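Contents: one structure, followed by commentary.
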Amino acid sequence: MKTVATLLIEHLKKYGVTHVFGIPGKAISPLVMEADKQGIKYVLCRHEAGAGFAATGFSLDSDLLGVAIGTSGPGGTNMLTAAAQAKAFNLPVLFITGQPSMKNVGRALVQDSSIFGTDLVKMFEQVTLFSARVERGDLFHLYFQHALEKAWCGRGPVHLSIPFDVLMDEPHPFELEFPIRTPVLSSEIDRIIPILDNAKYPVMLLGNGVHSSKAYEEVHQLAMRWQIPVMTTPSGKGCFPNDSPLLLGGLGVAGSKDSYNQLRHGVDLMLVIGTNLSDMALAGVTSDLLPKQVIQFDSDLTFIGKSIPVAPIAVMGDLKYNIQKILSKTTYHKAINQNSGIRQVVNSEEIGNFGKYISTAQTMRILRKNLPNETLIISDSGSHSFYAVKYLDIYKPGTFYFDDFFGAMGHAIGVAIGAKLSRPDCKVVCITGDGCLMMHGTEISTAVCNNVSAIFVVINNGRLDMVEKAMQCSFGNVIGAVYETPLDATLFGRSLGASAFCCHSESEIENALKIALQHHGPTVIEVMVDPDEIPPTLSRET
Ligand SMILES: Cc1ncc(C[n+]2csc(CCOP(=O)(O)OP(=O)(O)O)c2C)c(N)n1
Ligand SMILES: [Mg+2]
């Protein structure tokens, strides 16, 4: 007979999971042992949040399930932030937490995660699509199946709390195939085709849902066929190639002049694709800039029709599939209008000169010039990412990820490590800040110990710039956003065993990148940037 731990790991192996991430503790040690026995690498991380971020990265671009394993009590509470982050990315991550044996529940137990202690099942409910405690070995099969279906078909994290004695239980063995997504077709397709044909001034607004459903080719075809100018939300950056003449650039925070000018000209139809239209995406979109009609593609009703006061036509279901249907139902091709007013020059916005420091905006241009176009870039939470959204051109869709919805500081560090482990052939770069590094930079030690050749570009401005600039702007005063003793990211990186460079100029960054791209193991590239540069978060268009 096989234990629950054995069956669980056997199935993960069958599903192609090669790495699981976590920090051990007594309650989950049978699972850790079993992973090792069956040849799944248990990646020892430095913090359970980092483990959860890495599991998220593992599933980011791989079509694989991410798995994070944390012990009961604090192991689980540490992983909560990562579950919320995976939810914002719409990624299938299985969070497993331990629990002292069921037979002892109700007594005083160290690190108890039952209803008598730190009830992790309840805590994870808010940040996952499914959270349950497996109270007996014979329940495991159906709980596991339901968790997989929710994670895969619902695109999001799930949580199972499995007590120690349940992990050691020997239920009837079972074989479970990995779930298959059944795409849902909207009933609105036939209705919207003539609306598309008749729109005189349409635009498309793409969000992170395009990343989640990998609908890059479909949105490109849609834009090309109807010659629709395209804007991206901050987290939709990288859904559409920067060298397409149809791309206007960003909308919302760090948006482009071209996007706002297009709205000023008047828009009779906006195709909103894979974005919940958060305040980040609509910053600066005043009532006079609103479109007359909206068609919104999404798989979730929650935020449809909530942000723009125009009743939308909702195209519910898998957006990739629905757009494929639209494309297959018509052979329409609008003639290309050379004088459509769409911008002709890629990312032409001026960058100022910043004296003795290097500008962060300029750093983004240097990164683009020196990184192969297929490099997978994951950007963290802070001003540095909004510089990336605005100034880092992306030519290959699906090579830039930034979450503007939950935005846990430091998540991109772990995400980059997990992404590199699931896609070892791919160059992976994390753009992060000194504040983010202070929070979760110790995961670079995980990268060192697992020989993960990811590059960590640390934009060091000695502060929590995004907050500092916003405080200064709103209150004329700054409290608690500047480090009295700034971080030496180069020394920090070296102390963890990484190769590290401190850069003050374009040539130093170029040299460091050249070496890092060939290096086996992680590299920290610290860029000393101007702390007084005005970030794109403050230079909104309206
Ligand atoms: C866990 C967490 N705490 C606080 C915040 C709020 N916050 C957003 S960006 C930011 C500053 C990040 O600092 P740094 O990494 O140095 O980036 P910079 O803005 O300086 O480029 C803060 C505090 C957050 N996003 N996540
Ligand atoms: Mg900073």
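One-based numbering, in listed order, for ligands and for the atoms of each. Nothing here was measured: the structure is a model prediction, and the numbers come from that model. Positions are given from 1 along the sequence.
For residues 84-98, the pairs satisfying side-chain hydrogen bond (donor to acceptor under 3.5 Å, both in side chains) are Q85-D403, N90-S212, T97-H159, with sequence neighbours left out.
For the Mg ion (ligand 2), the set of nearby N, O or S atoms under 2.8 Å includes none belonging to G382. Put simply, N460 stays out of reach of the Mg ion (ligand 2), with no N, O or S atom under 2.8 Å from it.
Salt bridge status for E484 with R463: absent, with no side-chain N to carboxylate O gap under 4.0 Å. Between R423 and D61 there is a salt bridge, with a side-chain nitrogen of the basic residue lying less than 4.0 Å from a carboxylate oxygen of the acidic one. A salt bridge does not link D63 to K214: none of the charged side-chain nitrogens sits closer than 4.0 Å to a carboxylate oxygen.
Here is the list of ligand 1 atoms found below 4.0 Å of a heavy atom in D465: 18 (P), 19 (O), 20 (O). Annotation for ligand 1: atoms under 4.0 Å from non-hydrogen atoms of S383 are 18 (P), 19 (O), 21 (O). The ligand atoms of ligand 1 that sit less than 4.0 angstrom from a heavy atom of N461 are 18 (P), 20 (O), 21 (O). Close approach of ligand 1 to H384 is summarised as follows: ligand atoms under 4.0 Å from at least one heavy atom of the residue are 15 (O), 17 (O), 18 (P), 21 (O).
Nearest non-hydrogen protein atom to atom 12 (C) of ligand 1 is S381 O, 3.6 Å. Nearest non-hydrogen protein atom to atom 25 (N) of ligand 1 is G407 O, 2.8 Å. Of all protein heavy atoms, the one lying nearest to atom 13 (O) of ligand 1 is L464 CD2, 3.4 Å. Counting only heavy atoms of the protein, atom 14 (P) of ligand 1 lies nearest to G435 N, 3.4 Å.
Residue-to-ligand polar distances place C436 within reach of ligand 1: an N/O pair is separated by less than 3.5 Å. Looking at M466 next to ligand 1, an N or O pair under 3.5 Å apart turns up.
Using a non-hydrogen distance threshold of 4.0 Å, V467 registers as a contact of ligand 1. Distances from ligand 1 to the non-hydrogen atoms of M438 include no value under 4.0 Å.
The number of heavy-atom neighbours closer than 6.0 Å to NZ of K469, taken from other residues, nucleotides and ligands shown, is above 12.
Here the shortest heavy-atom distance to atom 2 (C) of ligand 1, taken over K469, Q85, M409, belongs to M409.
Relative ring orientation between F402 and F386 is described as perpendicular, the plane-to-plane angle rising above 60° on a 0-90° scale split at 30° and 60°. Between H19 and F21, the two ring planes are parallel [angle under 30°; tilted spans 30° to 60°]. Using bins of under 30°, 30° to 60° and over 60° for the plane-to-plane angle, the ring pair F95/F124 lands in the tilted bin.
Of the angles at the Mg ion (ligand 2), the one spanning OD1 of N461 and O of R463 is 80° when given to 10°.
T275 contributes no side-chain N or O that, together with a main-chain N or O of G207, makes up a donor-acceptor pair within less than 3.5 Å.
For the 3.5 Å distance criterion, the side chains of S256 and D258 fail to qualify, holding no donor opposite an acceptor.
Proximity of R463 to ligand 1, defined as any heavy-atom pair under 4.0 Å, is confined to the backbone N, CA, C and O atoms.
Its N, O or S atom nearest to the Mg ion (ligand 2) is what matters here, and for D434 that atom is OD1.
With contacts defined as side-chain heavy-atom distances shorter than 4.5 Å, the pair L464/E468 does not qualify.
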